[in-house]
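Just the heavy atoms: all of them, side chains too, but no hydrogens, waters or symmetry mates, feed the values below.
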Amino acid sequence: MLYLTSDDFPIFIPFGVIGFYRYLWYIIRIIASFTYRPVPLPENPTYVASEDVTIIVPTIDAGDEFKEAANSWLAGKPKEIIIITEEKMLIPLQELAHAVDPEHIIVFADDDAIWPPTLLPYVLACFEDQKVGGVGTSQRVQPVGERMTVWEVLAAFRLTIRNIEISSSTHIDGGLPCLSGRTAAYRTVILKDPEFLHGFTHDFWLGKYQLNSGDDKFLTRWMVSHGWSTYVQCCKEAELLSTMKPNWRFLKQVLRWTRNTWRSDLRSLFTERYIWTSHPYVAYTMVDKLFNPFTLLVGPCLVGTLVWKSTISVEDGGYHLPWWNIILSYLVWLFATRTAKLLPHLWHSPSHIVYVPAFILFGYYFAIMKLYALCTLHETAWGTRAGIGDPTKATAATDAGGVGVNVVQEKVYFDQPSTPTRYSGHQSPFHQSAVEMQTGYSPQASDGGQTAYAR
């Protein structure tokens with residue numbers, strides 16, 4: 001590479017500085033992630049899942065993994081599980097806020113989030129600190145089929161990097177950019193706050209585009225702006241499994257997440273601004289992400305310029321190396337550095353090294369997508385799920401008092417899985433018999449102290 005730059009070395013100094021800066025901070029994140037430690041289980045816990053935990057699961061088009069996920073929630077022995085359908089989500093949440101004990105813990109979970117049986121105790125351990133208002137966990141990808149598709153591997157790469165980022169930021173300054181909505185626990189007293197309920201159900205971008213996603217971003221910002229601490233349990237005992245889109249629709253998921261990130265980070269940095277004093281390192285990472293797509297695209301532009309100049313003779317100001325040498329050197333550099341970045345994932349799944357080229361291509365596509373997302377922040381559609389309604393109608397119903405809700409009866413049964421699950425080998429002797437769930441607004445069945453609702 002030094003030979004490549006021997007014609008006019010000073011030109012490359014700024015780019016070398018950028019590269020050194022980015023990988024220096026990556027090394028710092030790796031060190032912080034390795035020195036991070038999860039909160040251990042207390043000897044005499046203040047909170048017990050069977051007495052203090054309500055699990056809320058919004059769902060509209062759950063797949064086959066829902067049954068396995070439901071059994072994993074039941075294995076944690078929560079006090080109750082509430083299933084909420086999309087059309088009626090906001091109204092029941094407001095009713096729930098008045099009904100749940102303010103000293104309890106509410107856990108929001110996606111309908112495909114599969115938990116280890118030890119997740120709830122490890123999450124509750126963080127709430128021994130009375131300043132902690134919200135707790136998240138590390139995550140891994142659960143393949144939809146027998147083996148991962150390239151899209152799922154890309155998602156797995158992203159989750160590995162995210163696990164490093166959130167554990168390092170938690171260790172460095174106690175903050176994190178987002179408590180992921182796949183599973184996050186909050187103190188009920190926070191969610192009962194009328195100010196929170198109004199803000200949550202009236203979340204607009206630029207005052208006129210009501211947001212249909214990004215609730216986890218809103219909740220995380222609320223923690224910061226109201227003086228609550230957050231924590232994330234990055235350990236096997238609290239690591240959940242989640243499915244991703246196994247096809248090109250994964251890109252639509254990423255686009256939605258990217259828009260949510262832009263909107264939330266811009267608010268955190270320039271509108272609310274609490275993040276600067278509460279969690280300066282997290283603020284730095286947000287600023288870094290703002291510039292990331294531009295710095296990433298500089299590389300191909302520079303290589304293109306070199307390739308063009310390589311077609312000109314050295315006497316006329318061209319470069320001494322042929323175009324193929326420049327491209328080959330750049331590809332070797334990309335593969336080496338990206339592989340190094342993915343080593344924590346490849347250590348456990350070495351066969352995924354064949355997907356590193358796809359990850360490199362996705363990185364450049366993602367940089368362009370981020371710029372596109374920045375220009376289309378007014379788009380608030382979900383993008384990957386059918387049946388998502390107009391959020392303004394739900395808000396109007398909430399403001400009107402939430403009357404006139406229709407109830408449709410539908411029975412669903414959950415039994416213990418007949419085939420082993422990912423966490424079957426870690427199951428306790430606890431046996432959960434069948435739980436009947438019916439739609440409605442009152443308890444329909446209970447078993448062993450666990451109540452199941454469906455809304």
- Query: Is a salt bridge present between R162 and E165, judged by a nitrogen-to-oxygen distance below 4.0 Å?
  - Reply: no

- Taking the side chain as every heavy atom from C-beta outward, state whether L120 and V53 have any pair of such atoms under 4.5 Å apart. yes

- Task: Indicate whether the side chain of Q142 and that of T243 have a donor and an acceptor atom separated by less than 3.5 Å.
- Result: no

- Message: Can a donor-acceptor pair be found, under 3.5 Å and without considering hydrogens, that links the side chain of H202 to the backbone of H198?
- Response: yes

- Query: How long is the span from the CD1 atom in I190 to the CD1 atom in I106, to the nearest 0.5 Å?
  - Reply: 10.5 Å

- Task: Just say parallel, tilted or perpendicular for the rings of H352 and Y355, cut-offs at 30° and 60°.
- Result: perpendicular

- Distance-only side-chain donor-acceptor flag, N163 / S138, under 3.5 Å: no

- May I ask you to test the D288-W25 pair for a side-chain heavy-atom distance under 4.5 Å? no

- Sorted by chain and number, sequence neighbours left out, ring pair (Phe, Tyr, Trp, His ring centres under 6.0 Å) with Y274 holds for none

- Message: Has T339 got a side-chain atom pairing as donor or acceptor with A336's backbone, closer than 3.5 angstrom?
- Response: no

- Message: Working note: R259 + T380, criterion side chain to side chain contact (heavy atoms under 4.5 Å, CB included); need CA distance, chi angles, decisive distance, verdict.
- Response: CA-CA 8 Å; R259 287 189 178 121; T380 60; over 6 Å; no

- Between F200 and L191, is a side chain to side chain contact (heavy atoms under 4.5 Å, CB included) present by the stated rule, with each step listed? CA-CA 9 Å; F200 186 76; L191 307 182; over 6 Å; no

- May I ask you to check whether S33 and H171 show a side-chain donor-acceptor distance below 3.5 Å? no

- Message: Just to verify, what does L371 make a side chain to side chain contact (heavy atoms under 4.5 Å, CB included) with, not counting sequence neighbours?
- Response: P293, F294, L297

- Query: Nearest 0.5 Å, what's the NZ-NZ distance between K370 and K289?
  - Reply: 7.0 Å

- Note on the structure: Heavy atoms of F127 and V132 approach each other most closely as CD2-O, 3.6 Å

- Task: Kindly indicate whether the side chain of E237, heavy atoms from C-beta on, has any atom under 4.5 Å from the side chain of P116.
- Result: no

- Which atoms form the tightest heavy-atom contact between I30 and P344, and what is the distance? CD1-CG, 4.4 Å

- Query: Distance only, no hydrogens: is a donor on one side chain within 3.5 Å (strictly under) of an acceptor on the other, for T183 and T137?
  - Reply: no

- Task: Report yes if some heavy atom in the side chain of K79 is under 4.5 Å from a heavy atom in the side chain of S50; otherwise report no.
- Result: no

- Message: Quick one: does any side-chain atom of T230 pair with a main-chain N or O of V135 as donor and acceptor, under 3.5 Å?
- Response: no

- SB check R267 E272 (cutoff 4.0 Å): no

- At what distance, to the nearest 0.5 angstrom, does SG of C178 lie from CZ of F218? 13.0 Å

- Message: How close do V144 and E152 get, counting heavy atoms only, and between which atoms?
- Response: N-OE2, 2.8 Å

- Message: One pair to check against side chain to side chain contact (heavy atoms under 4.5 Å, CB included): Y23 and T337. What are the steps and the verdict?
- Response: CA-CA 9 Å; Y23 280 94; T337 54; 3.0 Å; yes

- Message: Does any part of the side chain of P300, heavy atoms only, come nearer than 4.5 Å to the side chain of Y330, both counted from C-beta?
- Response: yes

- Query: So, the side chain of D129 versus the backbone of K131: is there a donor-acceptor pair under 3.5 Å, distance only?
  - Reply: yes

- Query: What pair of heavy atoms forms the shortest contact from L176 to L179, and how long is it?
  - Reply: CD1-CD2, 4.0 Å

- Item | Flag, side chain of S225 to backbone of W222, donor-acceptor distance under 3.5 Å | yes

- Answer whether the closest heavy-atom distance between the side chains of I55 and I82 falls below 4.5 Å. no

- Note on the structure: Closest heavy-atom pair, P177 versus M286, reported as atoms and distance to 0.1 Å, is CA-CE, 4.2 Å

- Query: Looking only at atom types and distance, does a side-chain atom of S169 sit under 3.5 Å from a main-chain N or O of G175, one as donor and one as acceptor?
  - Reply: yes

- Task: Report yes or no: is the cationic atom of R158 (NZ for Lys, CZ for Arg) under 6.0 Å from the centre of the six-membered ring of F366, at an angle within 45° of the ring normal?
- Result: yes

- Item | E68 side, atom CD; I114 side, atom CD1 - distance, nearest 0.5 Å | 3.5 Å

- Task: Could you verify whether a donor N or O on one side chain and an acceptor N or O on the other, from S180 and Q139, lie under 3.5 Å apart?
- Result: yes

- Task: Return yes if some donor-acceptor pair links the side-chain N/O of S168 with the main-chain N/O of I164 below 3.5 Å, else return no.
- Result: yes

- Query: Rounded to the nearest 0.5 Å, how far does CG of D203 lie from CG of L211?
  - Reply: 4.5 Å

- Message: Could you check whether any side-chain N or O of E51 sits under 3.5 Å from a backbone N or O of V48, counting only pairs where one atom can act as donor and the other as acceptor?
- Response: no

- To the nearest 0.5 Å, how far apart are CG in D215 and CG in L219? 6.0 Å

- Task: Taking atom types as modelled, find out whether R263 and Y209 have a side-chain donor-acceptor pair closer than 3.5 angstrom.
- Result: no

- Which heavy atom in Y36 sits nearest to a heavy atom in C234, and how many Å separate them? OH-N, 2.9 Å

- Within the side chain of Y26, is there an N or O that forms a donor-acceptor pair under 3.5 Å with the backbone of K341? yes

- Query: Between D111 and R182, is there a side-chain N and carboxylate O pair less than 4.0 Å apart?
  - Reply: no

- Message: side chain to side chain contact (heavy atoms under 4.5 Å, CB included), that's the test. Do Y372 and T258 meet it? Break it down for me.
- Response: CA-CA 10 Å; Y372 171 75; T258 304; over 6 Å; no

- Item | Polar side-chain atom of T188 near backbone of H104 as donor-acceptor pair, under 3.5 Å | yes

- Pairwise ring pair (Phe, Tyr, Trp, His ring centres under 6.0 Å) hits with a residue in residues 134-159, at least two apart: F157-H345, F157-F359

